[in-house]
Amino acid sequence: MLFLLALVGGVVVVSWVAHALFGAFFYLVLTAAVVGGGLWLYGRIKREIAPGTRTQRRIEAATKTYRMRNR
């Protein structure tokens, strides 16, 4: 009886430790994915409005028009 109780207790403890480790690993992977996605998005946006791109020329033209209109 004592052996069976110790075995069940061991399984519970091992499953709790495994759950804690895999839970932490899951959140670590999730955090890495969010940070990586943010960096990718930042780089893409930065490249999109770099000097000489169509978007940058449109922004400059709109700024110039706005300044001329508000003289």
Side-chain angles (χ1 to χ4, degrees):
M1 185 71 172
L2 189 59
F3 175 73
L4 186 60
L5 191 60
L7 185 63
V8 170
V11 168
V12 168
V13 169
V14 167
S15 67
W16 180 75
V17 169
H19 183 270
L21 289 176
F22 285 124
F25 179 71
F26 171 75
Y27 284 114
L28 184 66
V29 169
L30 184 65
T31 303
V34 168
V35 169
L39 288 174
W40 174 79
L41 191 60
Y42 172 75
R44 188 172 172 106
I45 290 171
K46 189 175 178 183
R47 254 192 333 268
E48 184 71 25
I49 61 172
T53 60
R54 181 174 184 264
T55 305
Q56 181 62 35
R57 289 192 307 267
R58 290 179 69 202
I59 291 170
E60 289 169 359
T63 304
K64 184 177 178 182
T65 303
Y66 179 78
R67 282 190 199 136
M68 289 176 68
R69 186 184 312 162
N70 291 331
R71 279 189 178 185

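Along the sequence shown, residues are numbered consecutively beginning with 1.
- A continuous path of hydrophobic side-chain contacts links Ile45 to Trp40 [ILVMFWY only; heavy atoms under 4.5 Å].
- Considering Lys46, Glu48, Arg47 as possible partners of Arg44, the one that fulfils the side chain to side chain contact (heavy atoms under 4.5 Å, CB included) test is Arg47.
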Please table the atom pairs, donor to acceptor, closer than 3.5 Å between any side-chain atom in residues 19-27 and protein atoms at least two apart or in another chain.
none

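- Nearest heavy atom pair, residue Ala50 against residue Thr53, reads O-OG1, 2.8 Å.
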